[in-house]
4 protein chains.
Amino acid sequence: MRADAQRNRQALLGAAERLLATRGLTITLDDVAAEAGLNVATAYRHFANKQELFEAVVREEIDRAASIVADAAANPDAEAGMRDFLAQTLALITTKRSLHDILTPGVADRWLSELDARLEPLLGELIERGQRTGVVRAGVQPGDLGVVLQMLCAVTDIPSSDPEALRIRYLELLLDGLRATGGSGSLPGRAPSSRVARQSLEQEMKSRTHRGAGHAVRADPARG
Amino acid sequence: MRADAQRNRQALLGAAERLLATRGLTITLDDVAAEAGLNVATAYRHFANKQELFEAVVREEIDRAASIVADAAANPDAEAGMRDFLAQTLALITTKRSLHDILTPGVADRWLSELDARLEPLLGELIERGQRTGVVRAGVQPGDLGVVLQMLCAVTDIPSSDPEALRIRYLELLLDGLRATGGSGSLPGRAPSSRVARQSLEQEMKSRTHRGAGHAVRADPARG
Amino acid sequence: MRADAQRNRQALLGAAERLLATRGLTITLDDVAAEAGLNVATAYRHFANKQELFEAVVREEIDRAASIVADAAANPDAEAGMRDFLAQTLALITTKRSLHDILTPGVADRWLSELDARLEPLLGELIERGQRTGVVRAGVQPGDLGVVLQMLCAVTDIPSSDPEALRIRYLELLLDGLRATGGSGSLPGRAPSSRVARQSLEQEMKSRTHRGAGHAVRADPARG
Amino acid sequence: MRADAQRNRQALLGAAERLLATRGLTITLDDVAAEAGLNVATAYRHFANKQELFEAVVREEIDRAASIVADAAANPDAEAGMRDFLAQTLALITTKRSLHDILTPGVADRWLSELDARLEPLLGELIERGQRTGVVRAGVQPGDLGVVLQMLCAVTDIPSSDPEALRIRYLELLLDGLRATGGSGSLPGRAPSSRVARQSLEQEMKSRTHRGAGHAVRADPARG
DNA sequence: TATGAATGAGAGTTCATTCAT
DNA sequence: AATGAATGAACTCTCATTCAT
């Protein structure tokens, strides 16, 4: 690809990421192009349609995130590893509101399903080590960590003057829930397999991107 | 004449609720009016704009839900009360996907902020009783229950062949986290005050309703 | 380098011809270039714009066709000559739907006006011979053959399971009309001069190519 | 329907008719609306899409034309009847270039197929009477008149300083062909049934309206 | 008061044409 | 000379909202 094209493609992805982060899925391709200093048609040279651009943003994020998270999960100290894994992943998703917006609901699950091949073994081992050390209760499965992550994401949405503190508070609560020495023994039921969701990404985005809230409320009901 | 208006208003709210439940925020005011057997213009006689109608739906739900949940929280058995409170609230939100769709993220928090006046004392007492019985760790505050609720909502979004089982699994995990006898002692930080969020409702809806993803993507974008 | 250019030019013309034949005037210059294995910009090195390329296609066809038809008209048997002339020309136009699509209406007329210099004398002689033999009524002029041709073109557009039979049926009817021994004597009025139309080619193409029906209608215009 | 709506609907049809007449199928719905002094969206209230509006124009014309033509065909003098039928129909189509543009190719055929139920018996009788009087050769069928009409339409497209004279000239030629006492006896083959084409109207219009000539040549290649 | 109808302002997408490599 | 890429100007269709009956 030509140098300028490369640059423009990146500009578009960056613009999309930025706007998605601040304004969510409701942005216009015109907006994205403008933010990138380009014409809409140029966006269409690089991406078949709006959806494809958005998906490209998501996949980019996922790729960039994968190694980071995997490293955290590799921590030899099981408890620290678990905490780090959750915290880092959470931080990533939080930073990239685009991801959050696009992927919620099911954010972490989907995210994990993308990382699956790489991550599931690591998480399995992490849990096992934790169980041997006594910081993880019996019956915890890799999929549970995905769910826990998702629950933490929900916490992220709570407006607060100190979001970080909030996240820590409930991270502890959840880690304690995962440890649960005095509790009800092993967890009832089973964790969801994290492999399911992959195919639904496209579907989901389509439904959320298509005919969003329509034209909805006029920003400035100017005239009529 | 007063009766007619009242009936129409209810018809509109009902229609909106139904359509929001099934199709989410993408619905048209025309659609709502049609579902109600009325004309759009009539909707505008009752509600200043789309947003107000949607908000009215939410408030309706909240009002209807308030007493139900309060009853659950009044259970003399602290643990059962807590479990019931969470389960019932969760069930309500889950049933009304409209609520969920509109309010997520921040659903429970907002929801709670509405119920606040009525609920906070009840929850506070519930927690206290729990702490006396040993089923609730030190430092747990009413606001924490709101957060826990929100986390459970997130679980609801995970696709599963047995969603009920999933909810139970993580309800237990969270209750254990709230009990956490063997854990790290009291929770770090503080629960969010449940009073904050109210004002942001309007804002939030605006941003989520506004400038949807515009119009559809061609069914067959390829040729013509 | 001269050879390359020549080859590319031919490739473009060929591609345009093929695509015009199959898809009519709706084709894109991008399409044409792609079919030719070239880039659009290259098309613009050879032709000032879309219109010029299309016109070039037409002129190419005409040039290629000229001699063929002239031969047919040279048949010593007047009746056979006339029949052959019409049939062959018709066949040509029919085969090249591109021509047809672009030039109709006015196809034969224009076509003839191009061939004019070469053809009119031949046709004049053909008619004279026919009149001497009694197979052509008085008052028939070269221009009439052009018109007859055009009428046969119209027949070509009628959908039929046996188009060939249709063409023959009306070719006979027209030949009988040209003979018309028992009829109203000589034809009223005069045949059009075949020299007129040339200038309007450009105009015509412009109006037919210009501002197509814009973009497609949604495949599924209903919902989304 | 409300009075103003009725008026607007007519305005749209009229505008479409006028513009179709002058500019063919390439017109924009925006253009039509503007010509009608209305907004595009209003056009969409009355017609589901561009195509439907155009089809409505055509059907309107057809309805308006039906009785006129039927009357002509009812003339007791067979020859005059035939001549009148052809001339009147021709005049109609010629006046309404919209019809012509939309329906060509296959104009008369389709047109006839619409009128079929009403017309075919009349035409059959007309021919029979003609055959008894000796002004129509053996083997002529109702469908032949449709074809003859189509051939005359083709003549209409020939630019001329005296189009009327041209039409008369070839009308005579064709009538002589239909009479053909001295000719080759009965016509070879069979006339097309005029019943076929109806279904293809929609198809045809779709293909001709969709992605017309694309955006094609800029009217004023102003900038770039 | 309630409705049918009208409208302005987009949003997504396409394409002829030009610019930079 | 040829290409890849960029662009401006359309065009179709939608929808929140307002006007006229």
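Chain A is the first sequence line, chain B the second, and so forth, proteins listed ahead of strands; every chain is numbered from 1.
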Margin query: Distance check, rounded to the nearest 0.5 Å: C:Tyr44 atom OH versus C:Asn39 atom CG?
Written below: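 Answer for the OH-CG pair, C:Tyr44 versus C:Asn39, is 11.0 Å.
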Next item on the list: Apply the test side chain to side chain contact (heavy atoms under 4.5 Å, CB included) to residues A:Val32 and A:Glu35: give CA-CA distance (whole Å), side-chain angles for both, the deciding distance (0.1 Å), then the verdict.
Entry: CA-CA 5 Å; A:Val32 173; A:Glu35 169 84 13; 5.7 Å; no
Would you mind reading off the distance between [X] atom [atom1] and [N] atom [atom2], rounded to a whole angstrom?
X	N	atom1	atom2	value
B:Asn8	E:dT1	CG	C1'	10 Å
B:Phe47	E:dT1	CZ	P	15 Å
A:Arg7	F:dG4	CZ	C1'	14 Å
A:Gln6	F:dG4	CD	C1'	13 Å
A:Tyr44	E:dA16	OH	P	17 Å
C:His46	F:dA1	NE2	C1'	8 Å
D:Leu53	F:dC11	CG	C1'	15 Å
A:Lys50	F:dT14	NZ	P	16 Å

Margin query: Please pick, from F:dC13, E:dA16, F:dA5, the nucleotide with the shortest atom-to-atom distance to any side-chain atom of C:Leu29.
Written below: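 Side chain of C:Leu29 sits closest to E:dA16.
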Next item on the list: On DNA chain F, check which nucleotide each of C:Gly37 and A:Leu38 is closest to and give me the residue with the more 5' one.
Entry: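 That would be C:Gly37.
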Item checked: Closest-nucleotide ordering on DNA chain F, the 5'-leading residue of A:Asp4 and D:Asp4 ->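 Result of the comparison: A:Asp4.
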Looking at [X], I'd like to know whether one of its side-chain N or O atoms comes within less than 4.0 Å of OP1 or OP2 on [N].
X	N	result
A:Arg2	F:dA5	no
B:Asn39	E:dA2	no
A:Asn49	E:dG12	no
D:Thr28	F:dC11	yes

Note to self: Going by purine N1 to pyrimidine N3 plus the second Watson-Crick contact, or the G-U wobble pair, all under 3.5 Å, which nucleotide sits opposite E:dA9?
What the structure shows: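 Here E:dA9 is engaged in a pair, and the nucleotide opposite it is F:dT14.
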Item checked: Who pairs with E:dT21 - Watson-Crick or G-U, where each distance is under 3.5 Å ->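 Base-paired to F:dA2.
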Next item on the list: Report which part of the nucleic acid D:Asp30 touches: base, sugar-phosphate, or nothing (heavy-atom distance under 4.0 Å, all strands).
Entry: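 Contact class for D:Asp30: base.
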Next item on the list: Would you mind classifying the nucleic acid contact of D:Ala5 as base, sugar-phosphate or nothing, using non-hydrogen atoms under 4.0 angstrom?
Entry: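 D:Ala5: backbone/sugar contact only, no base atoms under 4.0 Å.
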Check: Starting at the 5' end of DNA chain E and moving along, which residue's nearest nucleotide shows up first, C:Val40 or D:Arg45?
Finding: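 Residue closer to the 5' terminus by nearest nucleotide: D:Arg45.
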Next item on the list: Please tell me which of B:Thr42 and D:Ala41 maps to the more 5' nucleotide of DNA chain E, matching each residue to the nucleotide holding its nearest heavy atom.
Entry: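 Closest to the 5' end, via its nearest nucleotide, is B:Thr42.
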Would you check if [X] and [Y] make a side-chain contact, meaning some heavy-atom pair closer than 4.5 Å?
X	Y	answer
A:Val57	A:Phe47	no
D:Glu17	D:Leu13	no
A:Glu55	A:Glu52	no

Checklist line | Basic-acidic side-chain contact under 4.0 Å: A:Asp4, A:Arg7 | finding: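 No, A:Asp4 and A:Arg7 are not salt-bridged.
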